[in-house]
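Just so it is clear, the model here is predicted, and its values are computed rather than measured.
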Amino acid sequence: MIGAIHRALVSRASATSLFGAAALLATLGTSQTVISGVWDAISHILREPEHFWSIQHVAVYAGVAAVACSAAIAYALLVWRRESLVPAQRRALALVIAGAILQVVAGHADYVSHEMYGIDGLVSWSHQPLEAGLLASALGGALLLRHAGPRARLLAPVSAMVLVASALWLAFNLFLVANATMPCLAVYKVFSSGCAVM
């Protein structure tokens, strides 16, 4: 089994397909997480009950799972094709892996935060690392598309939009952190617990 996987990874055509698969999973997973994160924020506006296993969080972490699958493919490419990869390919793969690790670790931290505090706000000690991971995986996915086949490259406009959306999401939340007092007072009412849980 491992020998067959190794042979498939060594072949140039399948490596191009694997770059495409990793890029697709990184892009769609990040997209799923960003869209579900907005849905979660809207549920705060509507003051819906908040707990870790809400449908919004399940949707968020389904996206994280897709990015983790992308990272598994990226890791396999790094291990079995290391000699044939150019530095740009290695950087793109490393970004996807780093983004997935950040998201998985932040996901666990988010679970712990919910267990400790119940409801959490848009700004919390677990959300910003998750958002940094989103940005890393979106960038890695966009860079991987350059090394994928022509059909996978059709995803480039979606990948660019996901990259911009994840950067804006992180920038907005970092703005809230940097300007803690003024914006968080207004945001507190909107997001239920706003910047209350750090």
| field | side-chain contact (heavy atoms from CB on, under 4.5 Å) between Phe19 and Gln89, worked out | value | CA-CA 9 Å; Phe19 276 113; Gln89 291 171 323; 3.8 Å; yes

| request: Could you go through the side-chain contact (heavy atoms from CB on, under 4.5 Å) check for Leu144 and Leu93 one step at a time? | output: CA-CA 7 Å; Leu144 283 177; Leu93 293 167; 3.6 Å; yes

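Atom CG of Leu139 is separated from atom CZ of Arg91 by 11.0 Å, given to the nearest 0.5 angstrom. Ile97 contributes atom CD1, which lies 8.5 Å from atom OG of Ser70 (distance to the nearest 0.5 angstrom). Taken to the nearest 0.5 Å, the OG atom of Ser159 stands 9.5 Å off from the CG atom of Leu28. Taking CG from Leu130 and OH from Tyr61, the interatomic distance works out to 5.0 Å, rounded to the nearest 0.5 Å. One finds the CG atom of Leu168 at 11.0 Å from the CZ atom of Phe172 (value rounded to the nearest 0.5 Å). Here the CD-CG distance, from Glu131 to Leu102, works out to 11.5 Å after rounding to the nearest 0.5 Å.
Between Thr30 and Ser137, the side chains place a donor N or O and an acceptor N or O closer than 3.5 Å (distance only, hydrogens not considered).
Counting only heavy atoms from C-beta outward, the side chains of Trp169 and Val38 approach each other to under 4.5 Å. Taking 4.5 Å as the limit, some side-chain heavy atom of Ile55 sits within range of a side-chain heavy atom of Trp39. Contact of the Val96 side chain with the Ile73 side chain is not registered, since no non-hydrogen atoms from C-beta on lie closer than 4.5 Å. By the 4.5 Å heavy-atom criterion applied to side chains, Val67 and Val64 are not counted as neighbours.
Val60 and Gly37 get closest at one heavy-atom pair: CG2-N, 3.7 Å. Taking both residues in full, the closest heavy atoms of Ala26 and Gly141 are given as CB-CA, 3.9 Å, listed atom of the first, atom of the second, then distance. Minimum heavy-atom separation, Ala59 to Ser36: CB-OG, 3.2 Å.
With hydrophobic clusters built from ILVMFWY side chains whose heavy atoms lie under 4.5 angstrom apart, Val162 does not share a cluster with Leu143. Leu170 and Val34 are assigned to two separate hydrophobic clusters, defined by single-linkage of ILVMFWY side chains at heavy-atom distances under 4.5 Å. Leu145 and Val158 fall within a single hydrophobic cluster, where Ile, Leu, Val, Met, Phe, Trp and Tyr are joined by side-chain heavy atoms under 4.5 Å apart, directly or via other members. Using a 4.5 Å cut-off between side-chain heavy atoms of Ile, Leu, Val, Met, Phe, Trp and Tyr, with links allowed through other members, Val86 and Trp80 fall into different hydrophobic clusters.
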